[in-house]
Amino acid sequence: GRMRVAGVQGARRGRKAFTAVSDPQGPRPADLVERRFAADGPGRLWVADITYLATWAGFAYAAFVTDAFSRRIVGWAVSPSLTTQALPMQALNMAAFMNTVGDTLIHHSDRGVQYVSLAYSTRLADLGITASVGSIGDSYDNALAESVNAAYKTELIRARKPWRTVEEVELATLEWVHWFNTARLHESLGHRTPAEVEHDYYANHTRATALTTT
């Protein structure tokens with residue numbers, strides 16, 4: 001299973017990484033979210049997760065980074081490889097490159113090997129992002145990310161299968177993410193789009209700032 005593989009990989013990197021995955025008492029990022037997937041503005045809390053699907057050419061893996069406030073997918077990647085560098089790191093780098101990273105940003109994930117790897121943890125630290133890892137170890141630890149995966153599977157993957165190549169999935173994912181962010185009405189957002197929610201936030205924020213500074 002996943003834990004055994006993680007232990008083997010971690011053992012090569014020394015004791016600290018090993019305990020981070022397999023010893024619940026060991027040093028690993030705290031669960032700073034504790035299932036409260038709410039934020040009072042964009043760029044405060046990102047949730048990250050990985051899902052996979054079958055193509056005629058083999059498995060395709062998709063990684064998403066989603067902003068908890070607006071439900072906007074801020075970073076994503078599709079790859080035939082599940083390695084940290086190929087998949088979640090690309091999604092994280094896109095999110096960091098395309099968005100403002102505030103000094104209070106928390107990145108929440110499950111305890112998957114890719115997210116607690118030394119490379120990924122180091123990248124988060126370099127970006128000044130605080131890592132949070134689900135403590136219970138069930139799907140509710142990362143419920144918001146799970147709901148993004150579910151939407152992706154239902155609205156794109158199952159609706160348009162079979163998929164021939166990973167490249168075909170990647171192109172379709174690009175289109176779906178754009179639609180998800182800018183056109184799809186989200187029930188949890190009061191039937192608004194993530195783009196609208198962020199636009200409204202910044203409009204109100206700017207107005208409030210203008211009032212206090214005049």
Side-chain angles (χ1 to χ4, degrees), residues 2-3 6 20-21 28-53 59-79 82-84 86-96 98-99 101-102 104-117 120-121 123-124 127 129-158 169-170 172-174 176-181 184 186-189 193-195 197-198:
R2 195 162 69 176
M3 293 297 258
V21 175
R28 63 174 171 77
D31 186 346
L32 304 173
V33 176
E34 294 181 328
R35 307 180 175 206
R36 287 189 301 273
F37 296 102
D40 43 17
R44 316 281 171 88
L45 172 60
W46 286 353
V47 298
D49 202 14
I50 293 167
T51 190
Y52 66 93
L53 61 131
F59 281 112
Y61 299 91
F64 296 107
V65 180
T66 306
D67 189 289
F69 174 76
S70 64
R71 304 294 198 261
R72 186 167 65 87
I73 295 170
V74 292
W76 63 274
V78 170
S79 169
L82 193 51
T83 65
T84 300
L87 194 65
M89 192 80 88
Q90 287 182 12
L92 175 63
N93 285 337
M94 181 194 287
M98 306 281 285
N99 299 276
V101 175
T104 57
L105 177 58
I106 292 171
H107 171 291
H108 184 77
S109 69
D110 65 16
R111 285 187 257 185
V113 180
Q114 294 81 12
Y115 291 112
V116 296
S117 77
Y120 199 90
S121 306
R123 183 74 180 119
L124 285 174
L127 291 166
I129 299 173
T130 305
S132 164
V133 173
S135 58
I136 317 277
D138 64 24
S139 62
Y140 293 106
D141 273 353
N142 211 357
L144 175 54
E146 298 270 355
S147 73
V148 173
N149 285 351
Y152 176 64
K153 286 287 187 67
T154 305
E155 296 162 5
L156 179 68
I157 300 308
R158 291 196 194 103
V169 174
E170 190 171 25
T173 303
L174 173 73
W176 179 80
V177 167
H178 182 72
W179 172 78
F180 184 91
N181 286 341
R184 182 191 192 271
H186 294 241
E187 207 172 318
S188 61
L189 302 175
T193 68
V197 169
E198 290 199 2

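Computation of the quantities below employed the complete heavy-atom set of this structure, encompassing side-chain atoms and omitting hydrogens, waters and symmetry-equivalent molecules.
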* To do: In sequence, state the C-alpha distance, the side-chain angles, and the governing distance for Leu144 and Arg71, and then conclude on side chain to side chain contact (heavy atoms under 4.5 Å, CB included).
  => CA-CA 8 Å; Leu144 175 54; Arg71 304 294 198 261; 3.3 Å; yes
* Apply side chain to side chain contact (heavy atoms under 4.5 Å, CB included) to the pair Leu53 and Tyr152, showing each step before the final yes or no. => CA-CA 11 Å; Leu53 61 131; Tyr152 176 64; 4.0 Å; yes
State, yes or no, whether a side-chain contact exists between [X] and [Y] at a heavy-atom distance under 4.5 Å.
{"X": "Asp49", "Y": "Glu146", "result": "yes"}
{"X": "Leu127", "Y": "Leu92", "result": "yes"}
{"X": "Asn99", "Y": "Trp46", "result": "yes"}
{"X": "Ser109", "Y": "Val47", "result": "no"}

* To do: On the 0 to 90° scale, with breaks at 30° and 60°, tag the Phe59-Tyr52 ring pair as parallel, tilted or perpendicular.
  =>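 Correct class here is perpendicular.
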* Can you label the angle between the His107 ring and the Tyr115 ring as parallel, tilted or perpendicular, going by 30° and 60°? =>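 Taking Tyr115 first and then His107, their aromatic rings sit tilted (interplane angle of 30° to 60°).
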Atom pair [atom1]/[atom2] of [X] and [Y] - distance to nearest 0.5 Å:
{"X": "Thr173", "Y": "Ile73", "atom1": "OG1", "atom2": "CD1", "result": "9.5 Å"}
{"X": "Ile157", "Y": "Asn149", "atom1": "CD1", "atom2": "CG", "result": "10.5 Å"}
{"X": "Asp40", "Y": "Phe69", "atom1": "CG", "atom2": "CZ", "result": "8.0 Å"}
{"X": "Ile129", "Y": "Ile106", "atom1": "CD1", "atom2": "CD1", "result": "11.0 Å"}
{"X": "His186", "Y": "Arg72", "atom1": "NE2", "atom2": "CZ", "result": "11.5 Å"}
{"X": "Phe180", "Y": "Glu155", "atom1": "CZ", "atom2": "CD", "result": "7.0 Å"}

Smallest separation among heavy atoms of [X] and [Y], with atom names:
{"X": "Val169", "Y": "Val78", "value": "CG1-CG1, 4.0 Å"}
{"X": "Leu189", "Y": "Thr193", "value": "CD1-C, 4.0 Å"}
{"X": "Gln114", "Y": "Ser117", "value": "O-OG, 3.2 Å"}
{"X": "Pro194", "Y": "Asn181", "value": "CD-O, 3.4 Å"}
{"X": "Arg111", "Y": "Val116", "value": "O-CG2, 4.0 Å"}
{"X": "Met94", "Y": "Trp76", "value": "CE-O, 3.4 Å"}

* **Ala91: partners by side chain to side chain contact (heavy atoms under 4.5 Å, CB included), with sequence neighbours left out** =>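 Ala91 satisfies side chain to side chain contact (heavy atoms under 4.5 Å, CB included) with Ala63, Val65, Ala77 once adjacent residues are dropped.
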* Carefully, step by step, assess Thr104 and Arg44 under the rule side chain to side chain contact (heavy atoms under 4.5 Å, CB included). => CA-CA 6 Å; Thr104 57; Arg44 316 281 171 88; 4.3 Å; yes
